[in-house]
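Keep in mind that the numbers below use all heavy atoms, side chains included, and drop hydrogens, waters and symmetry copies.
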Amino acid sequence: MIHEDIADFASALPPMTALAGLDYGDKTIGVAVSDGMRQVATPLDTIRRGKKFTQDADALIAILDKRGISGLVLGLPRNMDGTEGPRCQKTRAFARNLSRLTDRPITFWDERLSTVAAERALLEADTSRAKRAGVIDHVAAGYILQGALDRMRHL
């Protein structure tokens, strides 16, 4: 089920279970996971998107099953003025299609500037350009998930 409100999402989750954060893009899906206490988000992996949704969904669900993930936080790429453009529509369509394949609750988190923050953190860590390109998506997913975890702690 898709929850627009983070409080509704939080109430739909079983206690003491991990969550996943997703940075959904045209070519990749960055994946981050939390610990069972939902305190810390850790970048995990980047899924290279296939030609069909089912390929992407199968790869993602395999990760979710292996890690015992109970819910998903998708980064919603709003425009800087807060409006939703074509990228938001694609993300929402992905969430709708994914919700048909899993019972896990799904919510959205405003991801404005998450990639910028991830890039800045990687630059500060003196990560090479080639290495940054390979990890930026799942580091951005970590920022998305951490933002949602921090908000859920204050509900």
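Taking Asp81 as the reference, nothing meets the salt bridge (Lys or Arg N to Asp or Glu O under 4.0 Å) condition, with sequence neighbours excluded. Residues satisfying the salt bridge (Lys or Arg N to Asp or Glu O under 4.0 Å) test with Asp56, not counting sequence neighbours, are Arg49.
Proximity of a side-chain donor or acceptor of Thr17 to a complementary backbone N or O of Pro14 within less than 3.5 Å is detected. A donor-acceptor pair is defined here as one N or O able to donate and one able to accept, closer than 3.5 Å; such a pair exists between the side chain of Asp35 and the backbone of Val40. Listed for the Arg67 side chain is no donor-acceptor partner under 3.5 Å among the backbone atoms of Val33. Glu84 places no side-chain N or O within 3.5 Å of a backbone atom of Pro77 that could act as its donor or acceptor partner. The main-chain N or O of Gly30 is never found under 3.5 Å from a side-chain atom of Thr28 such that the two would form a donor-acceptor pair.
Criterion: ILVMFWY side-chain heavy atoms under 4.5 Å apart, direct or through other members. Under it, Leu13 and Val73 are part of a common hydrophobic cluster. Linking Ile, Leu, Val, Met, Phe, Trp and Tyr residues whenever their side-chain heavy atoms come within less than 4.5 Å places Leu101 and Leu74 in a single cluster.
Side-chain contact annotation: His138 with Thr46, donor-acceptor N/O pair under 3.5 Å present.
Side-chain contact between Asp110 and Leu76: absent, with no pair of heavy atoms (C-beta onward) separated by less than 4.5 Å.
For Asp103, the CG atom is loosely surrounded, since the number of other residues' heavy atoms within 6.0 Å does not exceed 12.
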Exercise. For Phe53 and Phe94, what are the C-alpha separation, side-chain angles and deciding distance, and is it a ring pair (Phe, Tyr, Trp, His ring centres under 6.0 Å)?
Worked result: CA-CA 8 Å; Phe53 166 78; Phe94 177 77; 5.7 Å; yes

